[in-house]
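Throughout, a chain's letter reflects where its sequence line sits, starting with A, and its residues are numbered from 1.
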Amino acid sequence: MHSINSEPRFETPFRYLIPSGYDSGMRVPAMLFGNARTVESAWKDGSAKQAINVSTLPSILKASIAMPDIHGGYGFPIGGVAAFDYEEGIISPGGVGYDINCGVSLFTVPLTYSRFAERRKEVIDEIFNRVPSGLGNKSSEPVSMNDMAQIMNEGLNWAVNNGLALSEDRERTEDGGAMKSESISGVSNAARQRGKNQVGTLGAGNHFLEVQRVEKIFDHAIAQKFGVDEEDQITFMIHTGSRGLGHQVATDHLKEISGKFSGPPLRDTQLMYAEIHGRQGISYLGAMAAAANFGFVNRAVIGWRVRQAFRKVFGIEESEIKLVYSLAHNIAKPEEHEIDGKRTKVMVHRKGATRAFPAGKAEGIFVSTGHPVIVPGDMGSRSYLLVGDVENMNLSFGSSCHGAGRLLSRHGSLNTFRESEVMEKLKNEGVYARFSTRKVMLEEAPGSYKNIDEVIGITTGAQLARSVAMMKPVGVVKG
DNA sequence: ATGTGC
């Protein structure tokens, strides 16, 4: 049926090609970074098919790309990267996801593990009490609508001006924590109302706050430049996004774009898109940037609460706790890439994928090292700090993976695990955990996620990123 | 992922 040239195949041990001849609608190939097992899993759960669907969209360039942690998402796969011609191309809210600027931040604390362990429970309880978590949970200090406008327009600058972040945090945040928004008028009043009560809140599901111990440093020179000085050092990681505000922005714009869509029939209505420079595209992009800025502020404010908790328990000044990096793994942004030997401006969609430009290409202070890539594992497992590798500009639009990906469904986890054994397992692993609900504890139980080491092995083996350090959780706060 | 499932 297919010619030999259109058969999907491994081009290299970690690169699986689905040629554009595989399916009549494909405009470009689909390229899955993975091994035999992850690729099989992508065919099984439908996410490989989703990557193929993305390759049929107008103005897509080079390839529809997937990271080794690919799994099914809304229209576009999670773990997907797709770039569209900037001048005449499209923007698709499904290629960003509902949780706009879902992302991760990593901080270092000047404490060794042994000193931390003496007061582990005290400081984790302190963090749990200062950082609201769980579905629908609200900030203890709602901001004004005027603040909301500033947060959406100026991003992290708002947090710095209000004493909730350090000035230096800006150079350690993607895009300085302030994406340019043409206009925030595309953020509905409902979205703003949801956001004003959620500054500094963690949320639920796989969002978490984790205190960690640096277990292994792979690249001492890069680690030191990132501020990760030695093994046994304490770090903390925050994984959350733009909460109800970003979700509302996605909902509003998908509805608006779908209602007036006039393009050719889509394979999947969830692939709905707008022209980048059309009225709807401009409106969505402005609102998306506003939500992204809210996400950067949210992670920064949570980081500030944790800094305060460490000050209270250990007497460490906020300024001694350094941000390594805060990044977005659900975002679309204009970038320049070389395609077929030509510099081309593209709108890169990364959904469950991390920008990871290598040395020489990276933004600001990271030009000499490459961008840090923060890859959280599941609780009780480990997380990785990577750095963009030189080859990835040609392979993946300078992108890397973002996490482990679920193994069991939420429902499956609820049926599989028991409260007592989860707590026992965490305790045995040396993790003190606080949860706002029992349901989330079970849904996020160790064993619910794929092995993070396999994802990292593929990511580094495929030369998307290089390992810098590995961290083990020692305390967890979850929704 | 998300104040409201199919």
Student: Using a heavy-atom cut-off of under 4.0 Å over every strand shown, decide if A/Glu443 touches base, sugar-phosphate, or nothing.
Tutor: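 Nothing, no heavy atom under 4.0 Å.
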
Student: Please report the distance, rounded to the nearest Å, between CD1 in A/Ile331 and P in B/dA1.
Tutor: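 So the CD1-P distance, A/Ile331 to B/dA1, works out to 18 Å.
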
Student: Count the heavy atoms belonging to other residues, nucleotides or ligands that lie under 6.0 Å from CD of A/Glu182, then report whether that count exceeds 12.
Tutor: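 At most 12 heavy atoms, drawn from other residues, nucleotides or ligands, come within 6.0 Å of this atom.
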
Student: Indicate, with a heavy-atom threshold strictly under 4.0 Å, whether A/Arg406 touches base, sugar-phosphate, or nothing.
Tutor: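 It contacts nothing in the nucleic acid.
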
Student: Measure from OH on A/Tyr449 to C1' on B/dA1 and round the result to the nearest Å.
Tutor: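 My rounded result for the distance is 10 Å.
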
Student: Between A/Arg382 and A/Glu210 (salt bridge meaning N to carboxylate O under 4.0 Å), is one present in this structure?
Tutor: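 No, no charged N to carboxylate O under 4.0 Å.
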
Student: Report the distance from atom NZ of A/Lys255 to atom P of B/dT4, rounded to the nearest whole Å.
Tutor: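 Roughly 17 Å, once rounded to whole Å.
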
Student: Check A/Glu256 with A/Arg279, please: is the shortest side-chain N to carboxylate O separation under 4.0 Å?
Tutor: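 Salt bridge between A/Arg279 and A/Glu256, a charged N being under 4.0 Å from a carboxylate O: yes.
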
Student: Round to the nearest Å and state the distance from A/Met288 atom CE to B/dA1 atom P.
Tutor: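 After rounding, the reported distance stands at 20 Å.
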
Student: For the NZ atom on A/Lys196, are there more than 12 heavy atoms of other groups (residues, nucleotides or ligands in this structure) within a distance under 6.0 Å?
Tutor: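 Atom NZ in A/Lys196 is packed in, count exceeds 12.
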
Student: In residues 235-253 of chain A, which residues come under 4.0 Å of DNA chain B by heavy atom?
Tutor: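 Result for residues 235-253 of chain A: A/Arg243, A/Gly244, A/His247, A/Gln248, sorted by number.
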
Student: Round to the nearest Å and state the distance from A/Asn101 atom CG to B/dT2 atom C1'.
Tutor: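 Whole-Å distance recorded here is 16 Å.
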
Student: Starting from P on B/dT2, measure out to CG on A/Asn330 and report it in whole angstrom.
Tutor: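 To the nearest whole Å, that distance equals 11 Å.
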
Student: Does a salt bridge link A/Glu454 with A/Lys450, judged by any charged N lying under 4.0 Å from a carboxylate O?
Tutor: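 No, no charged N to carboxylate O under 4.0 Å.
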
Student: With a 4.0 Å cut-off, would you call A/Lys472 and A/Glu429 a salt bridge?
Tutor: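 Salt bridge between A/Lys472 and A/Glu429, a charged N being under 4.0 Å from a carboxylate O: yes.
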
Student: Nearest whole angstrom, please: distance from the C1' of B/dA1 to the NZ of A/Lys439.
Tutor: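 About 12 Å, once rounded to whole Å.
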
Student: Round to a whole Å and report the spacing from CD1 of A/Ile78 to C1' of B/dA1.
Tutor: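 In whole Å, B/dA1 C1' and A/Ile78 CD1 are 8 Å from each other.
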
